[in-house]
Each structure stands twice: as C-alpha cells, then as structure tokens.
Amino acid sequence: MKKQLIELIEKEDKKNPYTDEQLSKLLGMRRDEITVLRGELNIPDSRERRKPYLLREIKQILNQNEKISNRELTRVLRDRGYDVSRFLISKIRQEMGCIFTEPSDKKENEEIKKPAEKNKVVSGFERIIGYDGSLKPQVEQAKAAVLYPPYGLHTLILGETGVGKTSLAEAMYQYAVEVGRLSKDAPFVVFNCADYAENPQLLLSQLFGHVRGAFTGADAAKEGLVEKANGGILFLDEVHRLPPEGQEILYYLIDKGKFRRLGETETTRQVNVMIIAATTEDVESNLLLTFRRRIPMVIELPPLSTRPIGERFEIIRDFFKKEADKIGAKIKVKKEALRALLIYECPGNIGQLRSDIQVACARGFLTYIGNHGNFIEIDLIDLPVHARRGLLKVINRTPEIENIVSKDLIVLPGEGDEKFSVKEDLYVFPEEIYEYIEEKYRELKKEGLSQEVINRVIGGELEVKFQEILRQFETRKKTFEKHELAEIVGEEVAKLSENMVKIAERKLGKIDKYLYYCLSVHLAATLERIKKGKPIINPQLEKIKRDYKLEYKIAKEMAKLAKQHMDFELPEDEIGFIAMYLRTITHPHDNVKKGRVGVVVLTHGHVAKGMVEVANKLLGVEHAVGIEMSLDEKPAVVLERAIEVVKKVDEGKGVLLLVDMGSLITFGEIITKRTGIPTRTIGRVDTIMVLEAVRKAIIPDTSLEEIAGSLDKNDISFGRIYTKEDRISAPRAIVTLCLTGEGAALRMKRLIEKKIENTGEIYEIIPLGLTNGEDAKLKIRELQSIKNIVAIVGTIDPQIPEIPFISIEEILDGGAFYRISNYLGIKCDQKLEGEAKGIFSEMIDEDFILINPDFNSKEEVLEGLFRVLYERQCVNERFLFDVYKREVIGKTFLPSGAAIPHGLPENVITPKIAVAILKEPVEWENDKFVDFVFMLALKEDSKEQFLKLFNMIKEREFLKKLKIYNEAETIKNVFFESLII
C-alpha cells in the first residue's frame, strides 16, 4: 500500500495535490490510515506539497506587478491551474510580509485613509478606549495607585463580567514600567482564583507554595506565585473565590509583606509585591472585612450600557479592525448593523460585544468567499439574533446615534491605530474559525452543492461551533496552564506527554489539547506505580488490540519516548491505556452511543419535533431527532438537512426514517445512495409509532430490518397506530386544563357545555387535571396523537404553537365563547355574534379606514396611517420609529398584495388597525407592490384577533371585495361578515 501511495503522489498534479480524503477514496482506505502512512513515509500533507510551487508562482507574479490585488492574483493563479481561494492567497501574502489591501472605490478611500501616527509611543492607559473620557476617573485612580510611594497601593477592581478588569490591571503594570516605578523585567503574574476554587488546598499551594509533605502528593517543595511576583505585580482575578483562610494569608501579606508556604511553621518569607485584585461580586458579602480594610484603592469600572455611545463606536470599530487583520480583507459594516451593535443590550459587556462581532464576521466571511466579492459586508442578518433584537428596543433616534450611522463603517487590514479596547480573553474566538469556513466551503463546492445549500450547511455548523465555543468559555479558564501542570506532575513527565501528543498529531492530525492533560496526569500515576513495583493491568487490552489497531500502533510508537526521556519502559497494558485515550479523543461519541439504530422523524409542518419530544421524554433518552419541512420549503433543501442529520445519528447500524407523506417517502433511497448509510422508510408516522421505534432502537441487539419489519406490520404491542387521517376525521376536541386537579377542569367543561349547546354537531371536551408536577405539554402531546384537538382552555398556557389557548379569565368574561364555537365548527347564535362584533369593532373602526388616499410612496403610507392612529391617541410618538425598524428587520409584505406594518405593543395605547385601500399600488419592497396596507397597533393579548384578520387579508378574493366599496362603514361590515362565516 505504501508503494501505491508513493506512486499516486509522484504522479499527482503538483498544483493541486491529492488531499488525504481523495487518496483514501483512490486506495480504498480510511482517511486516518492515509495520514498515518504519510507520517511513516515522511510525506507532507497536500498544502505543504503544493506550497513551494505556489510560492514560486506568487513571487514571479509579484515581481511583475507588486501592487496586484489579492483578487486579481487569485484569478491569475487559477488561470495557471491552481485551485486556490482568495483567503488563502491573502494569508500567504501576509506570511511573505506583503500585506495588500483590496482596492475600494475612490470615495471610500478618501474617507478612511487618514494619516496615522505610526511612530507615536502610546502609554498603557492610552491604549484603553475611554481613558480620557468616561474612564478618566478610573484611570486617574489607577495612576495614583501605581505612583503612591514607596511601592504603590494595593488595588481592588470591581465590575461586571467583560468590562475590562484584566486590561486595566495590564495597563497599570505597563504604566508602572513606563514611569520607572517597576523595572522592565519586573514580573506581572496573573492568577484566576476560580481555576482551583473546588480544591482550596491546591489553590493556596499555587498561590503561596508549599513545603515537602505539606499534604498528600506534595513530594517536593514548591515556589508559589506570590514569590514569582516578587518585585512586580500579582493580579488576582475573581478574588472572591479565594477561601477565607486564603484571604487571611493575603491580608497578612498585604499588612506585613510576609507570608509562609503551606506547611511552614517557623520560616517567614519576605516579598515586595503590589496586589491588584478583581471581582464581579459584592465585596461586603464575599470578602472578609479584615481583607477589605487592607485594600486602600478601590476602582469600579462601569458597564458598557453606561458608557458614551461614541466610545462604544470606537470599541466596535477596533474589534472590526482586529477581524480585518485576521482575515486580510476589507470589512464594510452596513448602517443598520452598526446601529444594532450600538444599541443592543450586552449582559457580557465589551467581552460579549467582541464575540458577537466575531460571529457576524464569520457569517459575512462565508458570503464573501462564496460571492468572490471585494470586501466582507456585515449586514443586519449577519448579527446574532439577540443583537438584531436591539433595534426593537430603541426609544428614539438620538442625534448622536444617527450621526454615527449616517454612513457605513469601513475598516481595512493593517489600518494604523495603536489603540485597543478593554477586553477579556475569555471572549476571543480562535483564529482558525476562518480557515475552517474556507476549507468547508471548498469541500462542499467540490460536491456540486449550490450556494444556498452551502450557506445553510456551514451556517448551521457555525451556529453549533459558536455555541460550543461559548460553552467552553465557562470552563476554559479552569484548565491548567502547561507550566502549572508541570509543577504538579513534574517537568519530565510534562515534556514526555507533550512529545507524545506531537507523534499523535503527526499520525492523526490536530488533536484536542485535552489529551495532553490526560496523558500528563495518567503517566505521572503510572510512573509512580512502576517505581513502587505495583502491577498495571488493563482488562480491555485484547479488545483494544483487536478493535483499535490504528490507535494501538500509534500508542506503541508514543510509548518508545518513555525510554528515551525517562529511561523506563511502558508495559503493554499501559500502551493499551494510551490507545484508549487516543480513541476517546478522536472518536468522542463511540463510548456514548454504540451500535444502535438511529431514528429520524420527518414531517410537513410543525409536527415531527413534538412527536420526538414525547417519545424521548417517555423513554428517558435523547435518541430520536425531528426534522420539520415548512410548507414553502423546497424538498431539495430539506433533503440536504436530512442527509446531515442522518450522518450525525448513524452509529453503524443504519437509520430508520419515519415520515408522514409526499416527497419525504423517497428520501431514504436517496440518502443511502449519497452516504452509504443503510436506511428504511416507513410512512404515515404518528407519536405511537415513534415511541415504539425509539423503544426498540435503544436496545443494542436490535437491527434496522427487525425494527422496520415490526412497524410495517403494525405489530405494536400497546395500542393502535392512529394515522393523520384518523385524527382529522375524529371529533373536534377542546381540552380544559387546570393545575389544581381534574375537578376544576370538569367545572370548566360544564361551563362551556352550558354556554354552547351541542346542536347536532359532534365535538368533545376533555378535562385534564395535572398533579405532582406533571408536564402539561407532554400530556397534551400524547392526547394530540389520537385526538383532533382544536383549542385549549385553562389556567396555564402549555405553549403548543399549533393549538390556540384561551384563558379562564376570557371564559369568565364571556368574550371567548364565539371563538370556541368557531374552533368546534358550530354556527354561533346572535348573542355570541354580538359578542364577536363587539370584540372586532374595538379593533377596526370607520374612522381608521382610508379609501383612495393621496399616497404615492411607502413612506407616505406609513406616515399617513401613523397620523390616523396618533391623532386619536391610539399610539405614542415612538410607534412610527418602531414601524420603520420592523421594516428593516423583516418582511411585512404578503403575497396577496397587502402589507402589515406594525410596531411594538409597549408603544400602543389603545389597540387599533388603521387601513389604507390605495387607488394606485405603491412599491413596498424589491419590485413588490401593494394595494392594501393594514397598520397594526396591537397589544400582546390581541393575538387571536390578529390571526383572524391575517387569515382574511392573505386571501386575494377577500381583498377584491374591499376594492368594490367606497364607504368605510360598508368595508367594516365586509370584515365582520367574513369574521362570522
């Protein structure tokens, strides 16, 4: 096989060498086996094999035209046969020291190319945005603390997460060096007390050191961080996590300049160190009084929400510059995106702002490489959802904000501004995120997928990656630093582990750093057992050698280093443990899910996830996955989603697809052809079928064919399978729901039956009482699988989107019986009709209907309808601004030729709908014209009325009726007649 691999690589196109993935297909081997073979033959990967040819070509082109743009350079290289992206060329150019900014239009260049003071020396504090503005008092305090004789004042920095406490501490250190208070080589030691908060003894050992024998495992004396910081600054982050005994020792250190290592009873050590501590918590309840009294300087940093908007803009611009430098491309931030970033709420302050900007840049970068544009454009849609929502919370257009967003923000890579905004490293995404996007894009492009599908696939993966990164933020700081781990396991063991990991990476590619920590701790214990002559037994050794051949082979090579580094041989059982670590790191899901049949439920509309939720909850698993196809979604797009889900859930035994109808039935065969994963498809799915499928699938010994066969035969042991048709033909049902038990639910049932007589129509009212913490949603989902539930009446809303909810208050007020009659399909009597008319007349009134108004543009329509509402005191002056913001965020155009602009409920005084029936259509958005505009000024409790109205105006036939009449009263009656039909 090695000979074949060498022959293939010798004959490959040097401009586009085979990737390991391609080689694996050509040779019929696993990709990781190819990686191992290359390692054994010392053959570089495809990028490294191409690099000398590519560099030579680039240098030749640059010699002819050193000012060539990255875009043009990429085009020339592609013409010469290289399959390269502009991002790759940009990065190579940066590595060569030839940073080049893509040309922008002349006007933009005039706006942004201002002379930069490149040689100006910037002090530590001047690097912080706001040092001479909102943070000036804090900076003055910090300077005073540093300059106070003889060695400075110990300082406590207070503030929420992400406000920049670490950066202020760093600036204080830099300033102390600049003014000569500290020498240039003075230490600046950072310690996060939260890292070891669960182990107070280890925390105090890290901070103050220990003597040999101070505690179990303390085999040698160790110097603490306090001693390492001697002559400099010790920064203690999250100091509130320091245990009381630690605060007492620190108090003594601050008071006397002396301390003892753990376990010392006679020796006292002297140090000269300035303490800077930081906390997010209330100091009075989290820090000892004796400790607080010894901290003379307290600096409180403000949250981002209280900082001037101009400073927030500078911080935003600075973060975009950093991303432009990472990518090597110009970034244009559209005005609406910039406005949202300026005003949305950031609970994580500046740190969260940075991570949200990185999310936006990653999304914009995906579009950039797909469209081959000149720059990365960040629009409102690229921002995370919580940032976009910020536009809905704007009270008014402050002149300062509007002045800032009067034009797009443009930043260039390498732009000369020495300032940096306060930050927390906790929120910085890995730089590899852009490389990941590019590689994934090229991979999917080669598979022939469209840009829309690629954006959906990578966009979905990015969401997962961002969430993973954000989850890691909570634990990342708790990971040992390498030097800290070396102090625990010993320098030799740490070095051995590091070199072992390098071997593993050469064979298997990039490996999670967690392997380094696992190996270090594990090998330290192994070495201890070997020294004491204790046996090492691995009961899984034979299985490992049989099933994990590749990992075991690599582990044997890694084990050889133990003899070279520390002159001891690792036994075979220990090699088996190393192989297990490799397998766990490279195949993290193998031990969690093994050998089960996957279950995927696909349905039209919002059904699949509800059925899956019921099955998973009842069986106490998270096995089945639901995919829902919206009515306007193309089957091809859903198929791509289904393929990705099937790949994820397959555990080696195939996947069962449970579908409702239509094109979804054909997915199984296509998925198997595309992925090679065995599938079986069963139609007419319902909750009982999903439940039975999951029950059988989670048993490891069952096969795909066995489960599919039993379901096909309807051989379900605990009840009939109800089909969708069965449910639709069943009597309409209303559930009366009460938390206090079935008695109250029965009383509600009787009240409805008394008010709405059964006049020959068939319906059912099902009382449901919940006790002992039962899940209302789950219980109703179970009923929904066999009953045609059309509404829920009760004391709590179980939040089931497709089933309307009516509160008990509406029943008692008498205003809900018309709606109940409609849901049950019963023609209401005159009394109920009167109730409905009263409810609807509250929303639509003749005075709010404009027929053939003199409006010639969208803006005139919006302004005119707003005036109708505002002059009658139905909305406040902020409502119109809401309406404009909503138009930016999402569509209000309906295919019927109507538009439904609306604002926030908080700016509505009295719920009303203003109507404009236009004489001539006006353009609403992108060549889409409307004849009817309904401006909705509604409260949160107007949902039902809105839905009824919406169902009317989405129909063209209904709108045609309105065009016939010229009187507002007649048009109102048309609405009412349609309402009660």
Side-chain angles (χ1 to χ4, degrees), residues 122-146 154-178 188-194 233-241 274-283 295 297-323 341-342 344-358 387 417-429 470 473-474 476-477:
V122 181
S123 76
F125 289 117
E126 288 177 355
R127 293 174 183 273
I128 297 176
I129 291 172
Y131 80 97
D132 57 350
S134 68
L135 299 184
K136 188 173 182 178
Q138 288 82 356
V139 168
E140 292 302 320
Q141 281 182 284
K143 285 181 177 179
V146 170
H154 302 298
T155 302
L156 179 62
I157 304 175
L158 309 179
E160 298 173 5
T161 299
V163 294
K165 298 183 292 295
T166 301
S167 291
L168 180 62
E170 290 173 353
M172 291 174 71
Y173 167 75
Q174 291 165 0
Y175 180 72
V177 173
E178 289 163 10
F188 178 68
V189 178
V190 178
F191 179 71
N192 192 313
C193 299
I233 291 176
L234 173 63
F235 175 57
L236 300 176
D237 200 5
E238 298 192 67
V239 71
H240 60 276
R241 303 298 294 273
M274 178 180 175
I275 304 291
I276 302 177
T279 179
T280 57
E281 304 299 317
D282 174 50
V283 292
I295 302 284
M297 180 64 76
V298 178
I299 302 174
E300 185 167 4
L301 289 177
L304 180 63
S305 58
T306 65
R307 300 275 298 272
I309 203 70
E311 289 180 7
R312 181 159 174 166
F313 171 71
E314 289 297 324
I315 293 168
I316 291 168
R317 181 164 62 179
D318 181 72
F319 286 150
F320 275 113
K321 286 178 184 177
K322 285 177 169 58
E323 296 308 302
L341 288 171
L342 284 168
Y344 84 107
E345 293 179 4
C346 285
N349 295 293
I350 299 169
Q352 182 185 344
L353 181 62
R354 177 163 197 182
S355 65
D356 289 341
I357 285 173
Q358 289 173 318
D417 187 346
E418 290 290 328
K419 283 186 182 179
F420 66 92
S421 52
V422 284
K423 67 181 187 303
E424 302 261 353
D425 288 342
L426 182 68
Y427 291 91
V428 180
F429 283 13
L470 291 170
F473 289 159
E474 299 303 317
R476 199 170 95 188
K477 283 198 170 184

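Only this structure's heavy atoms are used, side chains among them; waters, hydrogens and symmetry mates stay out.
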* Pair Y131 + F125: ring centers closer than 6.0 Å ->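 Distance test on ring centres: not under 6.0 Å, no.
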If every non-hydrogen atom of [X] is compared with every non-hydrogen atom of [Y], which pair is closest and at what distance?
X    : Y    : answer
R307 : P302 : CD-CG, 3.8 Å
I357 : F320 : CG2-CE2, 3.7 Å
L156 : A278 : CD1-N, 4.3 Å
H240 : T279 : ND1-OG1, 2.8 Å
M297 : A144 : CE-CB, 4.4 Å
L135 : I129 : CD1-O, 3.7 Å

* **L168, D237, V239, T166 screened by side-chain contact (heavy atoms from CB on, under 4.5 Å) with I157, the one that passes** =>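 Among L168, D237, V239, T166, the one that satisfies the side-chain contact (heavy atoms from CB on, under 4.5 Å) with I157 is L168.
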Is there side-chain contact between [X] and [Y], with heavy atoms separated by less than 4.5 Å?
X    : Y    : answer
L158 : L301 : no
F313 : R317 : yes
E345 : S305 : no
V146 : Y173 : no
Q352 : S355 : yes
T161 : V163 : no

Atom [atom1] in [X], atom [atom2] in [Y]: separation rounded to 0.5 Å?
X    : Y    : atom1 : atom2 : result
L353 : D356 : CG    : CG    : 7.0 Å
K136 : I128 : NZ    : CD1   : 15.0 Å
M172 : F188 : CE    : CZ    : 9.0 Å
K165 : E170 : NZ    : CD    : 12.5 Å

Any donor-acceptor pair under 3.5 Å linking the side chain of [X] with the backbone of [Y]?
X    : Y    : value
E160 : T280 : no
R312 : L342 : yes
S167 : G164 : no
N349 : L304 : yes
H154 : I275 : yes
Q358 : E323 : no

* To do: Could you pull out all residues at least two apart from Q141 that satisfy side chain to side chain donor-acceptor pair (under 3.5 Å)?
  =>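 Partners of Q141 by the side chain to side chain donor-acceptor pair (under 3.5 Å) criterion come out as none, since no residue qualifies.
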* Before giving the answer on side-chain contact (heavy atoms from CB on, under 4.5 Å), spell out for E281 and E238 the whole-Å C-alpha distance, their side-chain angles and the decisive distance to 0.1 Å. => CA-CA 8 Å; E281 304 299 317; E238 298 192 67; over 6 Å; no
